[in-house]
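Have a look at the structure below, then the notes.
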Protein chains: 2
Amino acid sequence: MSPTHTAVTTDLDPCGRADHPDCGIRDVLDRIGDKWSVLVIVELAGGPRRFRELQRAIDGISQRMLTLTVRRLERDGLILRTVYPTVPAQVDYRLTETGTSLTHLVKALADWSLTHRAVIAEARQQYDQTHPDHDIR
Amino acid sequence: MSPTHTAVTTDLDPCGRADHPDCGIRDVLDRIGDKWSVLVIVELAGGPRRFRELQRAIDGISQRMLTLTVRRLERDGLILRTVYPTVPAQVDYRLTETGTSLTHLVKALADWSLTHRAVIAEARQQYDQTHPDHDIR
DNA sequence: CAGGATCCGGTGGGATACTG
DNA sequence: CAGTATCCCACCGGATCCTG
């Protein structure tokens, strides 16, 4: 929605100032912002995994969503899907060069999250106390 | 969905290895992964803004979603909402200390996005060519 | 100006059953 | 094992109208 960033490659510094919104961050967020992509990436950071291995490692993911998630990641060139012509079928997934570079970002995200989760949690429950009625979720 | 991370404060290293999924990244992603939060943060990185200023700056956001977004950011202690008892009402929003620190992450996201968007775009259209039937979206 | 209250459609994602 | 095919629902987010 909205005619976004598809063509313009502005030479604006990315988000240092807010003259130009979006900045193209949406591209990344639309990918890693979903429910499972990050978890798949994190798991694959430990090395190649087969389909079932991923499903067992990632608690709560349905086989449908795992399929969709790896497909999208593959489409974006973040992971590589290899099919071995055995029987029964055997497939493994591994991070590509690009995917691996994303790992650093994910690491940064995790670090930030861990160092701030306490403060955030406190802010939340304080907000919920002072605004008992507000239903934000 | 799934009894997540609410209590456990494991001393596991964050995602260096993938022994433990989640890692708490979900907390952050659930916040900045949505459609508008990042844009609000980026805009506020340029200084305090009033409600209408934000709405005008962030192209396409509805007043409802802007309200919800700033409420959630406020709840998490990422932005500060100040009401001036004037008439008509005047309110401004600004990043807190925590919110400002998030800006760095957003910057990293934007940088990564910009340096990889070309590769990703190419990977996508190549995938779409080799898999014309697949409907991933 | 800064929202609150509704209505409503699209879709992300779960559960289940089936296949090569 | 590694998926595909359906069904279905919660909820995210847009549009619109109303208020202090």
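Order of the sequence lines sets the chain letters (A, B, ...), proteins ahead of strands, with each chain counted from 1.
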Grab the CD1-P distance between A:I61 and D:dG3 for me, whole Å please. 12 Å
Taking the side chain as everything from C-beta on, heavy atoms only, tell me whether A:H116 gets closer than 4.5 Å to B:V28. no
Closest listed nucleotide, where the reference is the side chain of B:D34 and the choices are C:dG13, C:dG3, D:dG13: D:dG13
Just compare C:dA2, D:dG3, C:dG13 and give me whichever is closest to any side-chain atom of B:R52. C:dA2
When you measure from the side chain of A:R31 to the backbone of A:D76, do you find a donor-acceptor pair of N or O atoms at a distance under 3.5 Å? no
With a 4.0 Å cut-off on heavy atoms, is B:Y84 in touch with a base, just the backbone sugar-phosphate, or nothing at all? nothing
Spacing between B:Q55 atom CD and C:dG3 atom P, to the nearest angstrom: 11 Å
Whole Å only: how far is the CZ atom of A:R71 from the C1' atom of C:dG13? 17 Å
Should B:P48 and B:Y93 count as side-chain neighbours, where that means a heavy-atom distance under 4.5 Å? no
Report which part of the nucleic acid A:R50 touches: base, sugar-phosphate, or nothing (heavy-atom distance under 4.0 Å, all strands). sugar-phosphate
Pairwise 5' ranking along DNA chain C for A:M65 and A:A89, keeping only the more 5' one: A:M65
Quick one: is D:dG3 close enough that its OP1 or OP2 comes under 4.0 Å of any side-chain N or O from A:R81? yes
Under 3.5 Å, is there an N or O donor on one side and an acceptor on the other linking the side chain of B:Q63 and the base of C:dG4? yes
Can you tell me the distance, in whole Å, between the CG atom of B:L29 and the C1' atom of C:dG13? 17 Å
A:D133 has an atom CG; how far is it from atom C1' of C:dA5, in whole Å? 14 Å
Is any side-chain heavy atom of B:I41 closer than 4.5 Å to a side-chain heavy atom of B:L102? yes
Take atom CG of B:D135 and atom C1' of C:dG12, then tell me their distance rounded to the nearest Å. 14 Å
Let me spell it out: for each of B:R72 and A:P88, pick the nucleotide of DNA chain D with the closest heavy atom. Which residue's pick is nearer the 5' end? A:P88
Whole angstroms only, please: what is the CG-P distance between A:L68 and C:dA15? 15 Å
Among the candidates D:dG3, C:dA2, C:dC1, find the nucleotide nearest to the side-chain atoms of B:V91. C:dA2
Protein-nucleotide distance (A:D92, atom CG; D:dA2, atom P), rounded to Å: 9 Å
Trace of the side chain to side chain contact (heavy atoms under 4.5 Å, CB included) decision for B:V70 with B:R81: CA-CA 8 Å; B:V70 294; B:R81 176 172 177 270; 5.9 Å; no
Nearest-nucleotide 5' precedence on DNA chain D, A:T67 against B:G33: A:T67
Looking only at the side chain of B:R64 (C-beta and beyond, no hydrogens), which of the listed nucleotides D:dA15, C:dG3, D:dG3 gets closest? D:dA15
